[in-house]
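The structure displayed is predicted, hence computed values, not measured ones.
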Amino acid sequence: MKIQYRILLAGLSAAMLLSSCNIYRNYSRPDEVTTVGMYRDTLSAADTLRGDTTSMGNLPWQEVFRDPYLQSLIAQGLEHNLDLQTARLRVQEAEASLQAARLSYVPSFNLNPNGALSWYENGRRQWTYQVPAAASWEVDLFGRLLNSKRGARAALMQSEAYAQAVRTQVIASIANTYYTLQMLNQQLAISEQTVISWRKSVETMKALKLAGSVNEAAVVQSQANCYAIEASLPDLRQNVREVENTLSNLLGVAPQSIECPGVLADQSIPSTLSAGVPVQMLSNRPDIQSAEAALMAAYAATNVARSAFYPSLTISGAAGWTNSLGNMVINPGKAIANAAGSLLIPIFNQGKNRAQLRIAKAQQQEALNAFQQSILSAGSEVSNALYQYKAAGDKSASRKEQIRSLELSVNYTQQLLQLGTSTYLEVLTAQQSLLNAQLTQVSDDFQKMQAVVNLYQALGGGRDMSVKIGSKAAEKAVKAEGKKFRKEFRQNNK
């Protein structure tokens, strides 16, 4: 008995010593991942953009979107958007999984009382029972539990990054939809004003017909064009209603009418749009952080697959009371205790373990490819947004001059028509060109604001700056936010 006890104690000591030695390296970002030359210069088709020391993505969203009404809508969306609330719940799920992985290091305890009543013919009844408390502990000899915990932490980081990405998406979607609503309202107002103007033109044409300056065909043509503009108004109003419904959905409320004061040209934006040095994308973009967290999880899963080639040691024991020892029934009960250790050494399942390791390595390479692709996509999105903003600015001055010239053209052709030296076709062409230019100018203003939104989103803006993904502070913030959300959820569902 003493020899067995010494062997068990020696095995336990060896296990503790081996488990304290980590045979796996910590995850480090692969050398082949690079962010050099991620942005294209907006003035050159070949040169890459030299990064600024600061990034627009680091600005709070209140400093980028300065419209007070838009700010109130974004604040409402961050509080009530259902996709964002679902993302927060996923963070809580990942946090619970990490807690479970941490508890794998702690021995498990179970109480398993049982009893039996036996009776034989012409014999007396016999009552036997056992009240054992059992404990079991897996010694992490070769890092299986350690890498499982690392994988769970990477999953938590991934879910946190996903929540941040949803937050950024909610802010960008609300801003984009708000600017779309402003654009449609402006185009609707221009079209309504054009209808009023063209109705006056119809009356003018009727007066000129009575004076003999134009014929009936010109009057009918002017009426037809006026009706065409009137027919476009219901489509614009329908588009406004649909965008209002989309914005209501983002805000987490029932479809309703939404005010949209002001015009796009009056929107205030940061004086300079800086992209930041390319490496900042790795710390700003939640999707890149999520992709790297997935790579970390795959790296840990590969280590778990490797640990299957090594022995595993489980130590168990039980203590309690029983009145049944073998074939004897003893009353009252006596104390019992036992301890055991089991060592599992894989022998005949090496083929399966090798297959699992090959799968894990392939999945790790897939995660690495996805990580690299997310960086390339981020650089493309930033480059597109920068050039979109530049293109919208380049068109602005030319569009203003075009509208000014077309307004003069409309006035001149109308005066010439009244003098009998011009035709109605020239007036119609000038009026139609002016309307198209005015509607296009609103679209240009929208594209400029959309470029600001796209660039802010592409740079990972809108993050909760108080939460650093993967840190202890992040876990505490997640817990606090989850507690607040559950409280609000219970209150709203009473």
Side-chain angles (χ1 to χ4, degrees), residues 29-61 63-65 161-162 164-180 183 264 267-292 294-295 367-399 440 443-463:
R29 184 173 297 158
D31 295 334
E32 57 266 37
V33 175
T34 177
T35 60
V36 177
M38 295 304 301
Y39 308 145
R40 292 182 61 184
D41 194 332
T42 56
L43 301 178
S44 171
D47 297 336
T48 56
L49 184 68
R50 286 181 296 179
D52 303 319
T53 56
T54 60
S55 171
M56 176 186 173
N58 290 327
L59 295 176
W61 59 265
E63 295 185 18
V64 178
F65 308 111
Y162 173 75
Q164 294 280 29
V166 173
R167 177 186 171 89
T168 299
Q169 180 64 42
V170 167
I171 293 174
S173 297
I174 292 176
N176 241 333
T177 309
Y178 179 80
Y179 294 140
T180 302
M183 177 188 69
L264 289 169
Q267 288 290 339
S268 174
I269 59 175
S271 56
T272 58
L273 301 182
S274 58
V277 292
V279 74
Q280 284 185 330
M281 280 197 303
L282 295 177
S283 59
N284 286 356
R285 292 258 314 203
D287 59 332
I288 293 181
Q289 294 172 344
S290 177
E292 185 168 20
L295 176 59
L368 175 59
N369 293 341
F371 181 38
Q372 292 177 313
Q373 184 59 49
S374 66
I375 296 175
L376 294 176
S377 299
S380 177
E381 291 175 10
V382 172
S383 298
N384 291 341
L386 285 171
Y387 199 84
Q388 181 185 6
Y389 182 82
K390 178 183 179 299
D394 292 343
K395 290 187 293 184
S396 178
S398 300
R399 194 73 68 192
T440 304
S443 179
D444 292 343
D445 292 337
F446 169 72
Q447 289 180 9
K448 185 176 182 180
M449 296 308 303
Q450 189 179 45
V452 174
V453 175
N454 292 343
L455 180 60
Y456 189 62
Q457 182 178 7
L459 293 173
R463 306 181 319 279

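Contact detail for Ala165 and Pro286: the closest heavy-atom pair is N-CB, 3.4 Å. Contact record, Ala451 with Ala385: CB-O, 3.8 Å, taken as the closest heavy-atom pair. Ala370 and Ala291 get closest at one heavy-atom pair: O-CB, 4.4 Å.
With sequence neighbours left out, the ring-ring contact (aromatic ring centres under 6.0 Å, His included) criterion links Phe65 to Tyr456. By the salt bridge (Lys or Arg N to Asp or Glu O under 4.0 Å) test, Lys395 pairs with Asp444, sequence neighbours left out.
With a 4.5 Å cut-off on side-chain heavy atoms, Trp61 and Arg167 count as touching. For the pair Leu455/Tyr389, no side-chain contact is recorded, criterion being any heavy-atom separation below 4.5 Å from C-beta on. Side-chain contact between Val452 and Val64: present, with at least one pair of heavy atoms (C-beta onward) separated by less than 4.5 Å.
Annotation: the span from Asn369 atom CG to Ser374 atom OG amounts to 11.0 Å, rounded to 0.5 Å. Annotation: the span from Leu264 atom CG to Gln447 atom CD amounts to 11.0 Å, rounded to 0.5 Å. In this structure, Asp287 CG and Phe371 CZ are separated by 10.5 Å, a value rounded to the nearest 0.5 Å. From Gln373, atom CD reaches atom CD1 of Ile288 across 11.0 Å, with rounding to the nearest 0.5 Å. The CG atom of Asp394 sits 12.0 Å away from the CZ atom of Arg399 when rounded to the nearest 0.5 Å. The CD atom of Gln450 sits 6.5 Å away from atom OG1 of Thr180, with the distance rounded to the nearest 0.5 Å.
Test Asn176, Val382, Leu386 against Asn454 for side chain to side chain contact (heavy atoms under 4.5 Å, CB included) and you get one pass: Asn176.
Residue pairs meeting the salt bridge (Lys or Arg N to Asp or Glu O under 4.0 Å) criterion with at least one partner in residues 373-386, sequence neighbours excluded, are Arg285-Glu381.
A donor-acceptor contact shorter than 3.5 Å links the side chain of Ser383 to the backbone of Gly379.
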